[in-house]
Amino acid sequence: MPTALTPEASLAFDLAHIWHPFTQMKDHQLDPPVPILGAEGVDLLLGDGRRVLDGISSWWTNIHGHGHPRLVEAMARQGAQVDHVMFAGFTHAPAVELVERLLPRVPRGLTRCFFSDNGSTAVEVALKMAFQAQAQRGQKGRVRFGALKEGYHGDTLGAVGVGELDNFLTGIFRPLLLACDRLQVPEDPRRELAPVLTGWDAALEAALLEVRNFFKDHGERLAAFIAEPMLQAAGGMRMWPPEVLRELRVQCDAYGVYLILDEVATGFGRTGTLFACEQAGVAPDLMCLSKGLTGGILPLSLTWATEELYGHFWGDYTEFRAFLHGHSYTANPLACAVACASLTLFDDEAVLDRSRLLGGALREAWQALAVHPAVRRARTLGTVAACAIVDPATGLPPPVEARFAWRFHRRALDHGLHIRPIGDCLYLMPPLVTPPDRIREAVATIVKLLDD
Ligand SMILES: Cc1ncc(COP(=O)(O)O)c(C=O)c1O
């Protein structure tokens, strides 16, 4: 039986034995991990009594705030009924209810839903499904994938293979990865608060031509093309044009390539609509959902597919066409029940309307950053606001050794804000129910820290 540790001993034990994600553990010699004692509404309560706004929704997951009583209650109720059961050969009410409730809300044509546990596995499933479906419809030469440069789809090897290799220091894995051709898309200046639109029409035309040329070169060999619709989040909050997404849809259709939209970060109201692809009027062949699916409190993910794609897996057992993939915790009933309760909250608490209000407040408050000398290209999309940080003297991004992101994150905690820039990209992505005055406070804090 472990002894109850003092806070200091607990931290020492953590540093001695726990390996944290996305962390150079040596950094923790100076700045140990911050103990979290509580999470309430849109705030995190730190071990030393500080209360900070969860300005990035705990890695972009949180929708309704922390500890929402209806989500907590749904989890407890389900736990007392069926906690977990394997999902091969069994089914249960929370999984059926979740799919029943999402079916009318997902983009048209998506009718089949596969469960897994996190964003990366939802992507792995989509990639494998696309590849297997192509092979089983006689397209065995389609052994490559298409993806956007500066994309991110998770950290498992399949997902890394279709992500940007240089941004995430994942280049080391290059010899192990899927064959992937990458397409650069421009950022959309219309999202900026002070946009310069001269030349934009021509740039957009050029981007559309680039898509067509990419498919001319690669289209015949691709099983699928994967993209984060409208927002390349981890790639630096790159907001890209809906016209280009529509052209991707057209070209995928023309070349028989499945279009996978990864809505892991953008789904569930984050960009102002339930799914970001709605803003481009595009429906994919496969769609990945996770993060906000459970309101951000339990791990769960879905990969949605069309009837056409599903049909390529249908047959007698001895044809061996089945999709042989599954995880121990597939369709965990607790997570499904919480996801259902989260969808109820979307209706009962008008969360999409609140997300649009928050988006408006965020854009207004972000004006204060747009004019700051250390800021370039301030922009917003729904409840995501981002900008690039530069050294005002040189106009250049802070050098890597300045550790801007890490230092800013730590300083902001002292001022009541949890924020974690990606390189020189500073952004806010708060829970969708964050009150506008908290947003104004957070932006004032950022301005003050940049002034300092
Ligand atoms: C667009 C996108 N896809 C996939 C993932 C991977 O999700 P997870 O971290 O749950 O594996 C992320 C995570 O940030 C993401 O932003």
Side-chain angles (χ1 to χ4, degrees), residues 20-23 54-63 114-130 145 147-165 167-170 173 177-178 180 182 185 224-240 245 248 259-271 274-277 284 286-304 325 327 329-330 332 335 338-339 381-384 386 405 419-423 425 427-429:
H20 289 261
F22 266 111
T23 301
D54 188 356
I56 59 164
S57 300
S58 289
W59 262 345
W60 320 340
T61 58
N62 196 282
I63 302 284
F114 192 93
F115 285 86
S116 58
D117 320 325
N118 58 65
S120 306
T121 55
V123 168
E124 296 286 338
V125 165
L127 296 172
K128 285 178 71 179
M129 276 181 178
F145 290 90
L148 297 186
K149 284 187 183 157
E150 305 186 62
Y152 176 74
H153 301 285
D155 296 333
T156 52
L157 281 178
V160 168
V162 291
E164 171 67 42
L165 290 183
N167 270 4
F168 296 95
L169 311 176
T170 46
F173 295 111
L177 301 178
L178 296 175
C180 180
R182 292 181 173 79
V185 289
F225 193 102
I226 184 166
E228 296 157 84
M230 308 288 292
L231 176 74
Q232 293 187 283
M237 301 299 155
R238 300 185 81 248
M239 297 161 190
W240 57 286
L245 179 53
L248 275 177
L259 177 63
I260 304 172
L261 290 184
D262 175 352
E263 292 256 11
V264 167
T266 50
F268 298 98
R270 192 53 78 187
T271 65
L274 192 60
F275 303 112
C277 61
L286 289 152
M287 181 169 79
C288 307
L289 300 177
S290 187
K291 292 198 187 272
L293 172 62
T294 59
I297 73 168
L298 281 177
L300 183 70
S301 62
L302 304 175
T303 305
W304 283 86
H325 183 114
H327 301 276
Y329 287 101
T330 291
N332 172 257
V338 170
L381 173 64
T383 64
V384 183
I419 186 170
R420 204 179 141 112
I422 304 169
C425 170
Y427 71 95
L428 273 179
M429 203 194 280

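Numbering of ligands and ligand atoms starts at 1, following listing order. Each residue takes its place number in the sequence, starting with 1.
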Just to verify, what does R238 make a salt bridge (Lys or Arg N to Asp or Glu O under 4.0 Å) with, not counting sequence neighbours? E150, E187

Find the distance between CG (L302) and SG (C288) and round it off to the nearest 0.5 Å. 9.5 Å

Any idea which residues sit under 4.0 Å from ligand 1, heavy-atom distances? W60, N118, G119, S120, Y152, H153, G154, E228, D262, V264, A265, K291

Could you tell me if the side chain of V125 sits less than 4.5 Å from the side chain of H325, heavy atoms only? yes

Is there a donor-acceptor contact under 3.5 Å linking the side chains of T121 and E124? no

Is there a donor-acceptor contact under 3.5 Å linking the side chains of N62 and S58? no

Between E263 and R270, is any pair of side-chain heavy atoms under 4.5 Å apart? no

